[in-house]
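The structure displayed is predicted, hence computed values, not measured ones. Letters A, B, ... are given to chains in the order of the sequence lines, protein chains preceding strands, and every chain is numbered from 1.
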Protein chains: 2
Amino acid sequence: MQYSKSTDYALHALLHLGHPERHANVGIKELSATLGVSESYLSKIMSKLRQDGIVRAVPGVNGGYELARPAGRITFLDVIQVMEGREQLFECSNSKSQQHQLLADDGADEPVRERRGNGECLVEKVMLGAQQHLHQYLQEHTIQSLLDEAFKRHFNLEGNKK
Amino acid sequence: MQYSKSTDYALHALLHLGHPERHANVGIKELSATLGVSESYLSKIMSKLRQDGIVRAVPGVNGGYELARPAGRITFLDVIQVMEGREQLFECSNSKSQQHQLLADDGADEPVRERRGNGECLVEKVMLGAQQHLHQYLQEHTIQSLLDEAFKRHFNLEGNKK
DNA sequence: CTATTGTGGACCTGTGATATCCATAATAAA
DNA sequence: TTTATTATGGATATCACAGGTCCACAATAG
């Protein structure tokens, strides 16, 4: 259970695009060279980011990519969901509510069922909670906030050197 | 990016074993029938749980499985890590610290590097934070806490019916 | 000794991640 | 308008892994 390399590449590419002293359009060549990823593969990723409105792309001479909105409004969650899809973290495979009566007192009049009629599995419920926690955290971190952090460190290091 | 079915099966199997009115050893046949999963596949999963000390197994007539420790000390995280492995949620693939200078001011004297010499990638750092949040949540939920929740609901429903 | 029950290895299949290559479309500059 | 540049999308290849089956073997109770 790990985020894919595509997500890695996407995040780093966006950080490059979000750099304050970038010119408007960054070509796939520059991105490819910077990240050390092949142009062909990286362009697939950028294409996906474009389809989901994270970046804009312009073909032709001097074309390239740029962020479609301010870096502060591109969250980690946004990027991850584009690359990894929006399925939920966990799905109970016993959705047919078969003999899913984990807690059935055999022979009792009122078996306690772990899953109730409304298709609600308690395991799934816990995992949904986990997912919500995760997503909330990922939403609080944006391309911009990471850039800020990087610059903060830069200046701290500068200060220490003197 | 989703937890595997094995994790699903494992959690449900443990809930079955954790049921207060279970006899000591539950055979693979009973588990298989309850979960609706083939014996052969489920036994692989139980084997794994045994190797990691989550359950105990005894072969032979009247053999079967039982929890190796109280249900309150078997957390969701425990189970997930057995089934999914213990790799971290995200790993920066640019570990060779190549030209990973995402924030390099071209031509500036002091390029700000997103990754510093100590192999610390800021993207990875954010993701590690996410992982910690997730793990903390998953550690707070145990097989026992889910059983308790199920029984609580049971009695609430009972009350409503009268 | 025998029936029962878990263990572990070999094997199979489909799917998805990672990646490459190429033809095509769009665009700016000459 | 032509040409060079740059992004797009389809086809394809490879590989690992999830999910699953089958079987021989070991351990155990009666």
Between A:V58 and B:S43, which residue's closest nucleotide on DNA chain C lies nearer the 5′ terminus?
B:S43
Please determine if a side-chain N or O atom of B:S47 lies less than 4.0 Å away from the OP1 or OP2 oxygen of C:dT7.
yes
Mind calculating the distance between NZ (B:K44) and P (D:dC22) to the nearest angstrom?
12 Å
Map A:G60 and B:E84 onto DNA chain D by nearest heavy atom, then report which one ends up closer to the 5' terminus.
A:G60
B:S6 vs D:dG19: side-chain N/O to OP1/OP2 distance below 4.0 Å
yes
Are the ring centres of A:H141 and A:Y137 closer than 6.0 Å?
yes
Taking only the side-chain nitrogens and oxygens of A:S40, find out if one of them lies under 4.0 Å from OP1 or OP2 of C:dC21.
no
Test log, rule side-chain contact (heavy atoms from CB on, under 4.5 Å), inputs A:L138 and A:T75
CA-CA 7 Å; A:L138 291 172; A:T75 72; over 6 Å; no
How long is the line joining CD1 of A:I28 and P of C:dA19, in whole Å?
14 Å
Looking for any heavy atom pair under 4.0 Å, which part of the strands does A:Y9 touch: base, sugar-phosphate only, or nothing?
sugar-phosphate
Tell me: OH of A:Y65 to P of D:dT6, nearest whole Å?
12 Å
Residue-phosphate contact under 4.0 Å: B:R50 side-chain N/O, C:dG6 OP1/OP2:
no
If you only use heavy atoms from C-beta on, which nucleotide in D:dG20, C:dA19, D:dA27 is closest to the side chain of B:Y41?
D:dG20
C:dA19 C1' sits how many Å from A:M46 CE, rounded?
17 Å
Roughly, in whole Å, what's the span from CD in B:Q2 to P in C:dA17?
12 Å
Map A:K29 and B:T7 onto DNA chain D by nearest heavy atom, then report which one ends up closer to the 5' terminus.
A:K29
Can you see if the side chain of B:S4 gets near the phosphate of D:dC17 - specifically, an N or O under 4.0 Å from OP1 or OP2?
no
So which one's nearest nucleotide on DNA chain C is more toward 5', A:V61 or A:Y3?
A:Y3
One should read off an interatomic distance between B:L31 CG and B:L17 CG, to the nearest 0.5 angstrom, of 5.5 Å
Report the distance from atom OH of B:Y3 to atom CZ of B:F76, rounding to the nearest 0.5 Å.
11.0 Å
From CG of A:N25 over to P of C:dA26, roughly how many Å is that when rounded to an integer?
18 Å
Between atom CZ of B:R69 and atom OG1 of B:T142, what is the distance when rounded to the nearest 0.5 Å?
10.5 Å
Between C:dG8 (P) and B:E39 (CD): distance, integer Å:
17 Å
What integer distance in Å separates B:N62:CG from C:dG6:P?
10 Å
